[in-house]
Amino acid sequence: MATVTEGVRPDPRRWWALAALVASMLTLGFDMTILNVALPTMAGQLDAGTGEQQWMADAYVVVFAALMLPAGLLGDRFGRRLMLIGGLGIFLAGSVVGALAGDVSAVIAARAVMGVGAALVTPLALSVLPSLFGPDERTKAVGVISAASALGLPLGPIVGGWLLDHFWWGSVFLVNVPMAAIGIAACCFLLPETRDPSSPKVDTVATALTATGLGTLIYAIIEAPVRGWGDPLVLGMLGASVVLIALLVLRERRAARPMLDMALLAERRFLFNTLAATLVMFVLSGLLFVLPPYLQAVLGHDAFGTGLRLLPMMGGLLVAARAAQPVVARFGARGVVSAGLAVLAFAALLGSRTTVESGYGFTALWLSVAGVGFGFCVVPAMDGALGALPADRAGSGSGLLMTLRQVGGAIGIALLGSLLAGAFRDRLDVAGLPAQAADTARESVVAAHVVAEHSGAAGLASSANGAYVHGMGLVLLVCAVSALVAALAAAVFLGDGKEQRAPDMAGSMADARQ
């Protein structure tokens, strides 16, 4: 790989190039969350049920997770600048399609296309840094890129909410276009081309197994509340996903240079830190899916107000993330990760006590606590997982870690969203409604409010609010139990965090690709 070597004058344009990469990562970061606050609005205008809303959110994440590793390898072999430009172009095209979409299917297709672009951009944004920065500046550059991606998460709901209050729902897609265009222009004029022809070839069979295995699993989970867990199609999809994922594992274990280096999971510290980081994405993605309809439909806030009311969780996450490293130095990674998961479990348990009459004050309280738990868990877990890797496997290990985190997010949206949908359908009182209106009302809390407004059905909106809060409580209980089990596992199985990190891990990560 090309790197800036001692004695060679650094490229004076490198900080402008970094700014372009930051803009690209910021766009991808807030695109992970910007749609969540728009889903209630889109559900009403596109007549989308909970399952279709799950697919609008998950289409992006599933494709992103499935293609991240092969996309990175394509950049290694054919040119990282070329693939970055291609990824941003695909992301821009998907955003245009999404903005112009007229139905749910078009939105889902657009989100999938955007996932392809994001999969190309994310691993390659870090991999071009060694060609711009020397070892003395590279760690700072890696930190800036990582911070931009993280900052996008809290910005998403706020930007999305403001756009929805002033423009039509397609604006949450259209906002990506100028950012992606700037990124493309900057890549063309500021980035040098680099490649690594010795990198492993893209395994198309493994890529297909990853995409189909994850896709069939998500499909089964999303369809189960409507069809029933005993439905032949649901059972068939679950069985197919198990077979496909098992074939993927077998193929990767036998490969001389696998894309997914499963052997790394034999390292205990890497395994359990990765599981902790994956659980955080599972819970965070699920919460960001179920909270906006509660804040908008049940509490009656507009889209921008909903985005602002998610800030306590994001604020707690960012504050705790900044404070995590000194606390780890004092108490050790095992204690901090375990405590973070325990705090998250407590926050979810507290949130499960939410009632229709609780109001936003109670929600802000447990969201703040949840954010602190997220922050104190995810930073030491990610750092511990990467620190367990030898320098020569930093690329494959960090790729596996990021892939599993995205899978955790996809399953969180699917599983927790399906639990909510099933509980809502079972608890909603549609007595006296015509069959078609009753079916529409069962699709989501937003749809139930629309039916109540048009039909004048007394008590339907109140029943929908109660049913939704009941379902959200079940989701939070599952999150609490999951976080508590993970906290106990971390306390028992994680190392004390005092092992030596692999030398120059930040630089190795950038050299090897995120």
Side-chain angles (χ1 to χ4, degrees), residues 23-46 48 50 52-61 64 91-92 94-101 104 106-108 110-115 117-118 148-180 182 281 284-315 317-318 360 363-364 367 371 409 412-413 417 444-446:
S24 301
M25 294 302 293
L26 190 64
T27 303
L28 297 186
F30 73 64
D31 215 72
M32 292 290 291
T33 55
I34 194 171
L35 190 71
N36 294 89
V37 76
L39 282 176
T41 301
M42 295 171 70
Q45 296 186 14
L46 295 177
T50 300
E52 290 171 316
Q53 293 176 57
Q54 286 169 275
W55 271 119
M56 284 192 279
D58 253 345
Y60 178 85
V61 185
F64 192 179
F91 189 81
L92 187 154
S95 298
V96 171
V97 172
L100 301 177
V104 172
V107 172
I108 293 172
R111 290 281 290 173
V113 172
M114 292 166 67
S149 181
L151 184 61
L153 292 176
L155 282 178
I158 297 173
V159 172
W162 185 86
L163 289 170
L164 286 168
D165 279 357
H166 293 82
F167 307 100
W168 91 115
W169 60 260
S171 60
V172 300
F173 291 94
L174 204 59
V175 70
N176 298 324
V177 173
M179 300 288 283
I182 291 171
M281 281 301 295
L284 181 60
S285 298
L287 284 185
L288 289 175
F289 181 80
V290 303
L291 277 170
Y294 166 71
L295 293 171
Q296 284 185 251
V298 178
L299 296 189
H301 301 294
D302 61 17
F304 183 60
T306 295
L308 289 177
R309 284 167 177 80
L310 291 173
L311 280 181
M313 179 169 64
M314 296 303 184
L317 192 159
L318 293 176
Y360 175 69
T363 302
L367 280 181
I413 294 171
S444 69
V445 63
V446 174

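Partners of Leu299 under the side-chain contact (heavy atoms from CB on, under 4.5 Å) rule, at least two apart in sequence or in another chain, are Tyr294, Leu295, His301, Tyr360. Considering only residues two or more places apart in sequence or on other chains, Val175 meets the side-chain contact (heavy atoms from CB on, under 4.5 Å) condition with Phe30, Ile34, Leu163. In this structure Met179 satisfies the side-chain contact (heavy atoms from CB on, under 4.5 Å) test together with Ala23, Thr27, sequence neighbours excluded. Not counting sequence neighbours, the partners of Leu100 by the side-chain contact (heavy atoms from CB on, under 4.5 Å) test are Val96. The side chain to side chain donor-acceptor pair (under 3.5 Å) search around Thr306 returns none, not counting sequence neighbours. Among residues two or more places apart in sequence or in another chain, the salt bridge (Lys or Arg N to Asp or Glu O under 4.0 Å) test is passed with Arg309 by none.
Distance check: Trp169 CH2 to Leu164 CG gives 10.5 Å after rounding to the nearest 0.5 Å.
Residue Gly94 comes nearest to Ala110 through the heavy atom pair O-CB, 3.4 Å, listed as atom of the first residue, atom of the second, then distance. Among all heavy-atom pairs drawn from Ala364 and Pro312, the shortest one is O-CB, 3.9 Å.
Among the candidates Val177, Val172, Val113, the single residue satisfying the side chain to side chain contact (heavy atoms under 4.5 Å, CB included) test with Ser95 is Val177.
Side chains of Trp168 and Gln45 form no contact here, defined as non-hydrogen atoms less than 4.5 Å apart.
A donor-acceptor pair is defined here as one N or O able to donate and one able to accept, closer than 3.5 Å; such a pair exists between the side chain of Arg111 and the backbone of Met56.
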